[in-house]
Amino acid sequence: MSDQLVQVSREGQIAVITINNPPVNALSTDVREGIGEAIENIVADPQVKAAVLIGAGKTFVAGADIKEFAKITSEKPRESRFLQMLLKLEDCRKPVVAAIHGGAFGGGLELAMAAHYRVASPTAQVGQPEVNLGIIPGAGGTQRLPRLAGVAKAVEMCAQGSPVKAEEALRWGIVDQLIDGDLCAGAVAFARQIAEKPAPKTRERNEKLGTPEQNAPLFAAARENARKRQRGMIAPPAAIDAVEAATTMPFEEGCAFEQKRFLECVLSEQSKALIHVFFGEREVAKIPDVPKETDVIPVTTAAVVGAGTMGGGIAMVLANAGIPVLLKEVDQPALDRGLANIRKNYANSVSKGRITQQFMDERLALIQPTLSFDGFSSVDMVVEAVFEGMQLKKQVFAELDCVCKAGAILASNTSTLSIDEIALATSRSESVIGTHFFSPANVMRLLEIVRGRATSKEVIATCMQLSKKLGKLGVLVGNCLGFVGNRMFGPYRREAQFLVEEGASIEAVDKALFDFGMAMGPLATGDLAGLDVGWRIRREYRHLQAPGVRQPFAEDKLCEMGQFGQKTGAGWYKYDEQRRASSDPAVVVLLREWSAQAGIPQRSISSEEIVDRCIYALVNEGARILEQGYALRATDIDIIYLYGYGFPSYRGGPMWYADRLGLDKVYARICEFHRQFGALWEPAPLLKQLVSEGKTFAEFHPERGAAA
Ligand code: 3H9
């Protein structure tokens with residue numbers, strides 16, 4: 001087995017060890033054994049003077065095999081065979097040159113650092129991304145990287161997990177040379193040059209480890225940064241501790257320290273959740289009835305109708321991907337406002353150093369403003385982003401139907417309205433689809449792709465593929481009111497309002513959910529998005545509300561007073577010119593008055609109840625969506641919540657969170673709320689069913705899915 005995964009060939013006196021474990025050369029147990037055996041062979045072969053270690057296919061090595069982490073069940077430190085293999089490699093008297101293309105990530109970089117030299121293609125990247133999986137490097141990465149790159153760079157790479165491009169890696173001393181052209185030939189030539197020299201061991205290079213005085217501020221800053229930017233996550237501080245150990249302990253002790261922290265992390269709930277997210281991000285691309293081979297429609301030009309916040313952001317997303325885009329508005333002032341916003345957004349990024357002026361100019365040149373449909377006849381795709389109202393959307397789609405070429409994709413950015421009804425305004429419902437971007441569209445990674453009853457498989461496959469090109473995570477959902485994300489968000493925000501109406505303070509509700517890990521509390525989120533959005537939708541759908549069922553009122557009353565949130569300077573909170581929030585005493589008084597008028601008894605409410613009511617409201621609605629087939633898998637719902645609604649990634653998403661808590665416990669609590677608060681808490685039938693079968697959401701695989 002291992003000799004197929006790791007092959008050794010010869011280029012004269014240079015052995016070439018090739019790792020061949022598609023698709024990303026993950027270091028499974030067999031691969032690691034294969035590398036160990038290859039090292040033994042070259043040591044034993046008198047003809048070999050040096051070796052090149054290279055990956056077959058598109059990458060060097062993407063790290064340890066993540067699937068194998070599930071096999072680790074004990075925190076008891078054990079002798080790591082991986083660490084032993086790396087020591088064997090480092091102790092090899094014949095120099096070994098790691099030749100990196102694609103990526104050397106995690107265990108891949110640890111492997112490369114145990115080799116004696118590293119060369120790389122100019123397009124390669126290296127990194128220790130383990131923290132993104134809730135773990136830390138577990139094969140000496142935190143000990144060897146500071147010895148090569150210095151403490152500051154090592155602590156940044158291990159704690160933040162971001163990759164470093166080859167040129168930067170060269171500057172920091174992580175790689176020794178870049179090789180243009182044929183990497184293997186270049187690496188063999190490099191190996192010939194150093195074949196007679198002694199093989200340097202990274203673990204013996206202590207000159208970049210600094211002094212305690214130099215290092216103390218670096219570690220303090222890294223800890224502060226992790227506390228703020230990776231709030232609630234256990235792996236980043238553990239990674240910082242492990243890099244610090246490299247500066248205070250001999251190499252072997254440092255490795256033992258790293259191993260202990262690695263094991264704690266790998267057994268944590270956070271790591272299990274983040275690994276679920278890693279595979280989930282890839283799983284959402286798999287649509288059972290739209291296979292990979294489905295034809296796609298080339299999208300080389302596009303148009304956006306509506307230059308408001310969403311339309312402008314979508315135009316930027318398309319332009320950023322190099323797609324020329326027509327941006328249409330109804331009148332010149334609206335078009336000017338839209339373009340000014342786009343310019344302001346780009347200029348902000350330039351001033352923060354995120355993009356260059358040249359990039360901004362090139363992207364702006366791709367956005368062509370227009371007041372007419374001229375030019376629409378040649379575009380491959382149109383995204384409609386006008387005001388959220390069915391009549392207006394239908395009117396736009398009827399016009400698009402007249403002006404667009406056959407086969408053009410007609411997409412709506414609606415966040416709630418029926419794609420099937422919108423499609424009725426056209427003579428080509430197979431070309432109509434929902435592409436629900438999240439605000440700000442040029443920042444948020446989620447794209448809900450809404451499948452209408454008649455949407456063709458080609459159109460779905462194209463939008464899924466396009467989402468990747470646009471740097472988005474596309475998740476296919478079915479056509480129901482609010483689709484997946486907003487449909488679940490309704491009950492979540494409903495409970496937040498109920499809690500306030502029952503006596504919890506606005507700050508207490510937001511703080512409980514922020515402490516749970518949400519990017520923002522639900523009420524502050526409402527103020528940011530604009531309370532009028534939900535108000536308008538509620539008015540449109542008031543006829544669907546069951547009579548006699550309690551509905552929240554506070555937000556509607558705020559809207560009636562013109563308090564729409566941040567944009568009007570007041571909502572749940574009041575805002576200063578810099579949009580900094582503070583408590584609004586007038587709202588606090590009004591809330592008590594409104595609650596008294598509605599006869600709602602006031603009580604003190606624990607943060608545990610706040611979290612349970614808001615999060616279980618998400619879960620219960622998610623269960624209905626799953627059962628009704630509007631999401632393909634529980635994982636898809638999780639990904640939507642992580643990337644569109646600020647759910648903490650280390651909790652894996654609402655459905656994963658419920659699975660890990662135990663659906664029986666979640667069900668019992670929902671039944672309690674049902675008894676206490678009535679019909680809105682009716683447990684979802686699927687939840688009840690899974691509890692009776694002793695199963696999880698993850699184990700639920702319906703036949704149909706995403707409105708198939
Ligand atoms: C680690 O190394 C710990 C160490 O310290 C040692 C401790 C002892 N394992 O992303 P793609 C699969 S932790 C298993 O679509 P791309 C992936 O699921 C690891 N499987 O391709 C997918 O499967 P499928 C640290 C893996 O070109 C397929 O490969 N390393 C692994 O868009 C293709 O992947 C990382 O965190 C893996 N390590 O991107 C890097 N990696 O086709 C993780 C990928 O069935 N990997 N798969 O859906 C990545 O970031 C990206 O895969 C990479 C390629 C950038 C490499």
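Order of listing sets the numbers, starting from 1, for every ligand and every atom in it. All residue numbers in this chain count up from 1 along the given sequence.
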For [atom], what is the closest protein heavy atom, and at what distance to 0.1 Å?
atom	value
atom 9 (N) of ligand 1	Ile66 N, 3.0 Å
atom 8 (C) of ligand 1	Phe82 CD1, 3.7 Å
atom 14 (C) of ligand 1	Asp65 OD1, 3.3 Å
atom 32 (O) of ligand 1	Lys468 NZ, 4.4 Å
atom 40 (C) of ligand 1	Ala62 O, 3.2 Å

Glu130 neighbourhood, listing ligand 1 atoms whose heavy-atom distance to it stays under 4.0 Å:
1 (C), 2 (O), 3 (C), 4 (C), 5 (O), 13 (S)

Under a 4.0 angstrom heavy-atom cut-off, which atoms of ligand 1 come close to Gly106?
2 (O), 25 (C)

Is the terminal nitrogen or CZ of Arg363 (NZ for Lys, CZ for Arg) located under 6.0 angstrom from the six-membered ring centre of Phe359 and within 45° of that ring's axis?
yes

Where is the tightest heavy-atom contact between [X] and [Y], given as atom of each residue plus distance?
X	Y	answer
Val383	Met381	CG2-CE, 4.1 Å
Gln125	Ile100	O-CG2, 4.4 Å
Ala199	Cys92	CB-O, 3.9 Å
Phe647	Leu642	O-CD2, 3.3 Å

Evaluation steps, side chain to side chain donor-acceptor pair (under 3.5 Å), between Thr294 and Glu458:
CA-CA 6 Å; Thr294 309; Glu458 288 75 17; over 6 Å; no

Going by a strict under-4.0 Å cutoff (protein heavy atoms only), does atom 53 (C) of ligand 1 have a neighbour on the protein?
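When distances to the protein are checked, atom 53 (C) of ligand 1 has no heavy atom within 4.0 Å.
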
For atom 23 (O) of ligand 1, is there a protein heavy atom at a distance under 4.0 Å?
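Answer no: nothing from the protein, no heavy atom, is under 4.0 Å.
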
Hey, is [X] touching ligand 1 through its side chain, its backbone, both or neither, going by heavy atoms under 4.0 Å?
X	value
Phe69	side chain
Pro23	side chain
Lys58	side chain
Leu133	side chain

Measure from the ring center of Phe438 to the ring center of Tyr643 and say whether it is less than 6.0 Å.
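When the ring centroids of Phe438 and Tyr643 are compared, they turn out to be at least 6.0 Å apart.
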
If hydrogens are left out, which of [options] has an atom nearest to [atom], that is, the closest non-hydrogen atom?
atom	options	answer
atom 46 (N) of ligand 1	Phe278, Phe262, Phe105, Phe279	Phe278
atom 38 (N) of ligand 1	Ala139, Gly63, Ala64, Ala285	Ala64
atom 4 (C) of ligand 1	Glu110, Arg32, Lys67	Glu110
atom 42 (O) of ligand 1	Lys286, Arg282, Glu281	Lys286
atom 47 (N) of ligand 1	Val24, Asn21, Leu263	Val24

Using 4.0 Å as the upper bound for N to carboxylate O, is an ion pair formed by Arg32 and Asp65?
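No, this pair does not count.
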
With the threshold set at 4.0 Å, does a side-chain nitrogen-carboxylate oxygen contact exist between Glu207 and Arg147?
no

Does ligand 1 have an atom under 4.0 Å from some heavy atom of [X]?
X	result
Pro137	yes
Gly141	no
Glu68	no

Donor-acceptor pair, Thr462 side chain versus Ile297 backbone, under 3.5 Å?
yes

Min N/O separation Gly107 to ligand 1 under 3.5 Å:
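Looking only at distances, the answer is yes, because the N/O contact criterion of under 3.5 Å is met.
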
Before giving the answer on ring pair (Phe, Tyr, Trp, His ring centres under 6.0 Å), spell out for Phe105 and Phe60 the whole-Å C-alpha distance, their side-chain angles and the decisive distance to 0.1 Å.
CA-CA 9 Å; Phe105 297 130; Phe60 177 67; over 10 Å; no

Just checking, any donor-acceptor pair under 3.5 angstrom between side chains of Glu258 and Thr142?
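Indeed, the side chains of Glu258 and Thr142 share at least one donor-acceptor pair under 3.5 Å.
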
Between Glu699 and Thr696, is there a side-chain donor-acceptor contact under 3.5 Å, judged purely by atom types and distance?
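Their side chains do contain a donor-acceptor pair, which is all the 3.5 Å distance test asks for.
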
